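Input: a single structure, listed below in structure tokens.
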There are 2 protein chains.
Amino acid sequence: MSPPTPDRPVAADQLRASVFAALGDATRLSLVNRLADGQPRSIAQLSEGYPLTRQAITKHLGVLESAGILHRVRSGRESLYEFDAGPMRDLSTYLEAVSRQWYAALSRLKAFIAENP
Amino acid sequence: MSPPTPDRPVAADQLRASVFAALGDATRLSLVNRLADGQPRSIAQLSEGYPLTRQAITKHLGVLESAGILHRVRSGRESLYEFDAGPMRDLSTYLEAVSRQWYAALSRLKAFIAENP
DNA sequence: GCCATAGGCAACTAAAGGGTTGCACATCGA
DNA sequence: TCGATGTGCAACCCTTTAGTTGCCTATGGC
């Protein structure tokens with residue numbers, strides 16, 4: 001391993017980035033919002049209310065599934081998609097950590113300035 | 001106001017999606033990580049350690065700036081970028097709300113099942 | 001005033017993304 | 001059994017994105 005390089009894009013970044021990217025589309029965010037009530041829905045159901053074809057929605061669902069945000073369960077002739085909060089909780093934790101790090105650094109800076117005339 | 005229930009893509013989704021999209025790249029995540037210590041850095045500094053050209057990094061920084069995650073401050077001949085925790089805090093709040101909504105719905109479902117033999 | 005350094009701008013390429021259409025296939029229900 | 005419904009698959013299109021190269025401008029230091 002290369003010793004001292006904690007900064008270059010690492011595996012963890014790749015993983016998070018793929019989840020962020022999956023959420024980086026208004027249609028997909030909307031789909032997630034609908035499924036966050038815990039009730040699984042079919043592709044046909046999820047396609048209702050969008051000015052898009054069923055195929056387009058299918059692709060979006062595929063992206064969300066690849067990111068682990070949704071799971072697909074076949075039931076008879078339909079594919080039901082259900083929400084999984086795990087990945088989004090992870091992101092939330094990560095974002096919280098970064099924000100906290102920033103606030104902490106800022107506080108230290110302020111303290112330093114206050115103590116040095 | 002934020003607990004999301006919108007059915008189709010709405011303005012709020014567009015805004016959040018753009019921030020999510022900005023974070024949906026490993027290189028950009030890495031840049032954010034570096035700047036989250038609160039210390040502004042120049043493009044040249046930020047370009048170090050990546051197998052990319054300075055121009056590529058410049059573009060990434062532009063994306064992050066457009067999303068409001070970074071701010072640019074010109075200082076002499078260099079452009080300093082500094083971190084702003086606001087957008088990421090918003091996302092964290094949003095993700096937390098969605099997760100909470102899901103857990104709540106799941107709890108209700110369990111309770112319902114327990115009460116109906 | 002000179003030169004090295006830091007950035008900005010523009011044009012270009014390759015690949016990924018978002019979307020569509022067309023068609024084949026499985027399954028449900030009367 | 002038969003038609004309607006729900007999906008899957010593939011090919012295709014257009015736009016965006018990630019990245020490069022080349023060149024020109026501004027600034028800082030000596």
Side-chain angles (χ1 to χ4, degrees), chain A residues 8-10 13-35 39-82, chain B residues 8-10 13-35 39-82:
Chain A
R8 235 186 339 248
V10 216
D13 285 332
Q14 299 281 357
L15 272 179
R16 287 198 198 94
S18 69
V19 183
F20 275 124
L23 296 175
D25 179 282
T27 300
R28 288 198 289 269
L29 268 188
S30 169
L31 288 168
V32 167
N33 287 339
R34 282 169 91 168
L35 285 165
Q39 186 184 10
R41 291 177 176 79
S42 71
I43 297 181
Q45 283 179 300
L46 290 169
S47 296
E48 292 171 6
Y50 296 97
L52 300 177
T53 62
R54 174 182 54 84
Q55 301 297 343
I57 301 295
T58 297
K59 285 193 182 179
H60 282 305
L61 292 170
V63 172
L64 290 167
E65 189 192 7
S66 296
I69 299 170
L70 302 183
H71 293 139
R72 181 172 55 166
V73 182
R74 289 224 59 156
S75 166
R77 67 178 158 183
E78 40 190 20
S79 274
L80 300 181
Y81 280 91
E82 58 186 18
Chain B
R8 68 206 72 188
V10 138
D13 285 331
Q14 298 281 358
L15 272 179
R16 288 197 198 94
S18 70
V19 183
F20 275 124
L23 297 174
D25 178 283
T27 300
R28 287 197 290 268
L29 266 189
S30 168
L31 289 167
V32 167
N33 287 339
R34 282 170 90 169
L35 286 165
Q39 188 185 10
R41 290 176 178 79
S42 71
I43 297 181
Q45 282 178 301
L46 291 169
S47 297
E48 292 172 7
Y50 296 97
L52 300 177
T53 62
R54 173 181 54 86
Q55 301 296 344
I57 301 296
T58 297
K59 285 193 181 180
H60 282 304
L61 292 171
V63 172
L64 290 168
E65 188 191 8
S66 296
I69 299 169
L70 302 182
H71 294 138
R72 180 173 56 165
V73 182
R74 289 225 59 155
S75 166
R77 66 176 158 183
E78 38 190 22
S79 274
L80 301 181
Y81 280 91
E82 58 186 17

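Chain letters run A, B, ... following the sequence lines, proteins first and then strands; every chain starts at 1. Computed from a predicted model, the values in this text were never measured in an experiment.
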Name the pairs: protein N/O against N/O of nucleotides 24-30 of chain C, kept only if under 3.5 Å.
{"from": "C:dT27", "atom 1": "O2", "to": "A:Arg77", "atom 2": "NH1", "distance (Å)": "3.1"}

Item to check | Between C:dG7 (P) and B:Leu46 (CG): distance, integer Å | outcome: 9 Å

Item to check | Polar pair under 3.5 Å, donor/acceptor by atom type, side chain B:Gln55, base C:dG8 | outcome: yes

Checklist entry - For C:dG7, does OP1 or OP2 lie under 4.0 Å from any side-chain N or O of B:Ser42? => result yes

Item to check | nucleotides 11-19 of chain D: protein proximity per nucleotide (B base, S sugar-phosphate only, - neither; heavy atom, under 4.0 Å) | outcome: -------SB

Next on the checklist: Has B:Arg41 got a side-chain atom pairing as donor or acceptor with B:Gln39's backbone, closer than 3.5 angstrom?
Outcome noted: yes

Item to check | CG on B:Leu31 to CG on B:Leu23, rounded to 0.5 Å | outcome: 11.0 Å

Next on the checklist: Looking at C:dG8, I'd like to know if its phosphate oxygens (OP1 or OP2) sit under 4.0 Å from a side-chain N or O belonging to B:Ser79.
Outcome noted: yes

Checklist outcome for this item: Value for CG (A:Leu35) from CD1 (A:Ile69), rounded to nearest 0.5 Å, stands at 11.0 Å

Item to check | Gap between atoms CG and C1', on B:Leu80 and D:dT27 respectively (whole Å) | outcome: 14 Å

Next on the checklist: I need the OH-C1' distance between B:Tyr81 and C:dA6, as an integer number of Å.
Outcome noted: 12 Å

Item to check | A:Arg16 side chain vs B:Leu29 backbone, donor-acceptor pair below 3.5 Å | outcome: no

Next on the checklist: Distance check needed: D:dG8 P versus A:Leu61 CG, whole Å only.
Outcome noted: 10 Å

Next on the checklist: Are A:Leu70 and A:Arg72 packed together at the side-chain level, in the sense that at least one heavy-atom pair is separated by less than 4.5 angstrom?
Outcome noted: no

Item to check | B:Arg54 side, atom CZ; B:Lys59 side, atom NZ - distance, nearest 0.5 Å | outcome: 12.5 Å

Checklist entry - Can you find a side chain N or O atom of B:Arg72 that sits less than 4.0 Å from OP1 or OP2 on C:dA6? => result no

Next on the checklist: Without decimals, in angstroms, what is the distance between A:Ile43 CD1 and D:dC9 P?
Outcome noted: 10 Å

Item to check | Straight-line distance of B:Ile57 CD1 to B:Gln45 CD, nearest 0.5 Å | outcome: 13.0 Å

Checklist entry - Between atom CD in A:Glu48 and atom C1' in D:dG6, what is the gap in whole Å? => result 12 Å

Item to check | B:Leu64 to B:Ala22 - nearest heavy-atom pair and separation | outcome: CD2-O, 3.8 Å

Checklist outcome for this item: Paired with A:His60, the side-chain hydrogen bond (donor to acceptor under 3.5 Å, both in side chains) test is passed by just one of A:Gln55, A:Arg28, A:Glu65, namely A:Arg28

